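Just so it is clear, the structure is predicted and the values come from calculations on it, not from any experiment. In what follows, every chain begins at residue 1, and chains take the letters A, B, ... in the order their sequences are listed.
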Amino acid sequence: MNFNVIFQAIVNGLMIGGIYSLIGMSLTIIFGVMKVINFCQGELLMLGMYCTYVLNSKLGMDPFLAIPIVAVIMFLFGVLLQSLLITRSIRDGDDDTNVLFLTAGLGILFSSSMQVIFGTNYRSVESHFANQTVSIAGAALSVNRLISFLILIALTVLLFLFLKKTRIGKQIRATSQNRTGASVCGIQAKLVYACTYGLGAAIAGVAGACLMTYYYVFPNVGSVYGTRSFIVVTIGTLGNIVGGFFGGLVLGCLETLGALVVTSAYKETLVYVCFVIILVVKQRLQAKRRA
Amino acid sequence: MADRFLEVTDLEVKYGDIQVIWKESFYVDRGEIIAIVGSNGTGKTTTVSACAGLIHPCGGSIKVAGTEMAGQTARKYIDQGVTLVPEGRQLFPEMTVLENLEMGCTSKEARAKKKESLEKVFAWFPKLKDRAKQLAGSLSGGEQQMVAFSRGMMQLPRLLIMDEPSLGLAPNIVDNIFAISKSIAQDEGLSIILVEQDVRKALKVADRGYVIENGRITIQGSSQQLLNDPEVKKAYLGF
């Protein structure tokens with residue numbers, strides 16, 4: 001195995017990992033603020049993909065150009081979902097498991113609805129850059145994946161600026177760090193929650209739109225990415241956005257390097273073995289730090 | 001009656017089915033400092049949380065500057081001039097001191113006057129100016145209490161409620177904060193409710209005081225009266 005092959009695998013891994021990072025960050029930001037583990041994050045990504053598909057097939061829009069529209073639609077959808085449904089299951093004194101059942105149920109509802117509307121066939125869109133490749137230091141790279149990766153970087157930077165500079169962004173951080181403190185400062189939890197969930201849905205939607213440029217959509221595609229998103233946030237510590245970002249990239253590289261080492265049929269096995277090892281090592285390190 | 005700022009009548013609070021506050025009535029005039037004292041778990045924090053809109057009373061009335069406020073949100077109380085500095089400070093540990101102070105500016109007025117408020121705060125506590133860019137979680141307990149007090153003052157309150165400001169702090173830091181509060185009350189007409197377990201210290205600063213026992217106000221009067229009250233002496237002052 002020469003260096004070039006490994007390098008190519010790492011580059012591919014980063015490209016795939018970019019999508020994982022996005023969905024991981026969207027899951028982690030919702031948890032950080034609302035302490036809710038959102039079980040329909042993968043399905044939100046799937047909705048983003050269908051959204052892109054419709055914009056492309058009905059209006060002939062390039063999937064990359066559709067991203068801002070998908071983001072806005074998914075943001076509004078997330079805000080509605082939070083303020084109409086989820087908020088009712090996270091009131092004080094409610095059983096904590098209520099919201100888990102609710103979000104898991106919503107996930108099933110979303111994928112079944114898409115199955116009713118679009119059927120179970122795989123659907124794909126043609127981007128302007130389809131089949132084009134560039135070469136970076138000897139590694140061939142599809143333009144679609146490269147652009148997706150650049151969008152990930154841009155979105156992460158934007159997310160940080162938003163949380164650091166804007167008033168609502170600061171309120172989101174404040175709420176995630178101390179709920180009591182936030183309420184004595186007059187921060188309206190409802191508004192912050194709606195905005196956070198909307199943001200989480202929008203990021204998942206953008207991840208879906210990016211994915212759509214080189215992958216296909218079907219009603220259950222969300223479950224694959226949903227599971228991945230949980231691995232990502234566990235690697236990167238739940239609630240930690242930077243952790244989510246790098247967790248996704250690590251997972252992507254694990255997959256492609258795994259395929260290289262043990263053939264692609266067993267790459268999943270390797271991914272999960274590595275995941276378990278990471279968990280154990282992380283746990284040990286944390287225990288050591290505490291001691 | 002003209003300068004009565006907060007008037008609470010027959011306040012009742014329940015947590016679920018369990019009633020914790022029974023028929024409490026008290027008031028604060030403009031520029032006045034009152035102390036609410038009592039031992040742990042008697043309902044002091046619950047009482048003042050209700051006065052800041054954090055929990056909703058199940059009975060009674062809370063009038064702020066003549067307006068009935070019972071049942072309103074914390075945000076409405078802030079707009080009406082009531083700000084709480086909560087027990088245990090409740091800062092945002094991963095945000096800088098400056099950001100913490102900025103989060104205190106909720107109302108439009110407070111946001112418009114942010115710069116002046118910051119200057120004031122830094123004049124009271126020069127230490128905070130040096131630490132403005134530091135994360136609040138990295139400060140000492142005393143410095144954190146300064147930030148919590150200042151964050152409350154950024155709101156430009158007309159009634160500041162301080163819940164257990166002395167908890168776990170060195171006496172000189174507490175004295176400093178109390179002295180500053182007292183001078184603001186005298187110079188600018190700020191009303192203050194001081195919730196304290198340190199009864200002697202609280203009554204030295206306050207004009208009047210209320211003693212809460214098991215969710216009821218049992219003794220009230222001027223600070224001097226309370227300090228000389230045989231019951232208070234026996235139960236709280238230790239002689």
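- Note that OG1 of B:Thr106 and CD of A:Gln188 are 9.0 Å apart. Values are rounded to the nearest 0.5 Å.
- Looking at B:Leu84, both its backbone and its side chain come within 4.5 Å of chain A, counting heavy atoms on both sides.
- Annotation: the span from A:Cys185 atom SG to B:Gln155 atom CD amounts to 6.5 Å, rounded to 0.5 Å.
- The environment of CZ in A:Phe162 is crowded: more than 12 heavy-atom neighbours from other residues, nucleotides or ligands sit within 6.0 Å.
- Most heavy-atom pairs under 4.5 Å with chain A: of the set B:Cys105, B:Gly152, B:Gly104, B:Pro93, this distinction falls to B:Pro93.
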Worked verdict on B:Glu102 versus A:Arg167 for side-chain contact (heavy atoms from CB on, under 4.5 Å): CA-CA 10 Å; B:Glu102 282 172 353; A:Arg167 201 169 128 74; over 6 Å; no

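- No more than 12 heavy-atom neighbours from other residues, nucleotides or ligands sit within 6.0 angstrom of NZ on B:Lys127.
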Derivation of the side-chain contact (heavy atoms from CB on, under 4.5 Å) call for A:Val184 and B:Leu54: CA-CA 7 Å; A:Val184 292; B:Leu54 293 180; 3.5 Å; yes

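- Residue B:Ile18 places its CD1 atom among 12 or fewer non-hydrogen atoms of other residues, nucleotides or ligands, all under 6.0 Å distant.
- With a 4.5 Å cut-off on non-hydrogen atoms, B:Arg89 does not touch chain A at all.
- Top candidate by heavy-atom pairs under 4.5 Å with chain A, chosen from B:Arg75, B:Lys76, B:Gln90, is B:Gln90.
- A donor-acceptor pair under 3.5 Å is formed between the side chain of A:Asn178 and the backbone N or O of B:Leu91.
- Atom CD of A:Gln177 sits about 9.5 Å away from atom CE of B:Met103, to the nearest 0.5 Å.
- The number of heavy atoms from other shown groups lying within 6.0 Å of NZ (B:Lys201) is above 12.
- The line from NZ of A:Lys170 to CG of B:Asn100 is 11.0 Å long, rounded to the nearest 0.5 Å.
- Residue-environment remark: NZ (A:Lys282) exceeds the threshold of 12 foreign heavy atoms within 6.0 Å.
- For the pair A:Arg173 and B:Glu99, the salt-bridge criterion is met [side-chain N within less than 4.0 Å of a carboxylate O].
- Separation of atoms NZ (A:Lys164) and OG1 (B:Thr96) is listed at 6.5 Å; rounding is to 0.5 Å.
- Between chain A and the options B:Ala74, B:Ala52, B:Pro86, heavy-atom pairs under 4.5 Å are most frequent for B:Pro86.
- Residue B:Phe92 holds its CZ atom at 13.0 Å from CZ of A:Arg179, rounded to the nearest 0.5 Å.
- Contact count versus chain A (heavy atoms, under 4.5 Å) is highest, among B:Thr73, B:Asp79, B:Ile78, for B:Ile78.
- Atom NZ of B:Lys114 has 12 or fewer heavy atoms from other residues, nucleotides or ligands within 6.0 Å.
- The 12-atom threshold is exceeded at CG of B:Asp130, counting heavy atoms of other residues, nucleotides or ligands nearer than 6.0 Å.
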